[in-house]
Amino acid sequence: MKLMIAIVQDEDVNRLVSELMDSGFSVTKLATTGGFLRAGNTTLLIGTDDDKIPALVGIVEKTCKARRQMTTAPAPIGGIAGGYNPYPLEVTVGGATLFVLSVDQFIKV
Ligand code: 2BA
């Protein structure tokens with residue numbers, strides 16, 4: 001058995017969860033925050049059989065879109081006092097970040 005940890009954008013999550021449920025996957029949804037943008041995203045936990053991972057990846061690929069997002073990055077200011085001057089930076093977020101882990105045991109009590 002495998003556990004997929006899928007970090008997705010909030011904009012894609014409702015459609016993705018619906019697609020996964022329709023295809024028979026069990027899903028747990030967590031509200032999370034990206035360390036770089038400090039903005040909300042969603043992490044899904046999906047436990048499934050090894051042979052279903054390709055289908056799962058396919059659904060995520062089909063559903064989650066890459067988006068350009070503006071943020072600010074700190075640029076150092078010269079001089080004795082130093083300091084940082086924020087400047088705009090565009091980054092591409094997603095489609096999705098996926099981790100697939102092997103599960104030692106799956107127990108429901
Ligand atoms: P964030 O950390 O908020 O990152 C958002 C986007 O900012 C990233 O998109 C990437 O394009 C950019 N980015 C991240 N760190 C950067 C850096 N040091 N310099 C320049 N640009 C940077 P994605 O790669 O699609 O990641 C989307 C979200 O997935 C991330 O949100 C984070 O929550 C998660 N994630 C990505 N890689 C991860 C990893 N190796 N471990 C844990 N979480 C990860």
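One is the number of the first residue; the rest follow in order along the sequence. Atoms within a ligand are numbered from 1 in the order they appear, just like the ligands themselves. Heavy atoms only: backbone and side chains are in, while hydrogens, waters and symmetry mates are out.
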Could you tell me the residue and atom name of the protein heavy atom closest to [atom], and the distance to it rounded to 0.1 Å?
atom                    : answer
atom 44 (C) of ligand 1 : I7 CD1, 3.9 Å
atom 40 (N) of ligand 1 : F99 CZ, 4.1 Å
atom 6 (C) of ligand 1  : V93 CG2, 4.0 Å
atom 31 (O) of ligand 1 : G34 CA, 3.5 Å
atom 28 (C) of ligand 1 : N41 ND2, 3.9 Å

Can you confirm whether [X] sits close enough to [Y] that some side-chain heavy atom of one is under 4.5 Å from a side-chain heavy atom of the other?
X   : Y   : result
I5  : L98 : no
T42 : K29 : yes
I46 : L20 : yes

Nearest neighbour of atom 8 (C) of ligand 1 from the list T92, V91, V8, L37, on a heavy-atom basis: T92
Measure from atom 38 (C) of ligand 1 to every heavy atom in T97, T43, L89 and give the option owning the shortest one. T97
Salt-bridge contact K65-E11 (side-chain N to carboxylate O under 4.0 Å): no
Would you check whether G94 reaches within less than 4.0 Å of ligand 1, judged by its heavy atoms? yes
Cut-off 3.5 Å, side chains only: do K2 and T48 have a donor facing an acceptor? no
Check: T63/D12 side-chain N/O donor and acceptor closer than 3.5 Å: no
Between V93 and L89, is there a shared hydrophobic cluster once you connect ILVMFWY residues whose side-chain heavy atoms come closer than 4.5 Å? yes
Can you find an N or O of F36 that's nearer than 3.5 Å to an N or O of ligand 1? yes
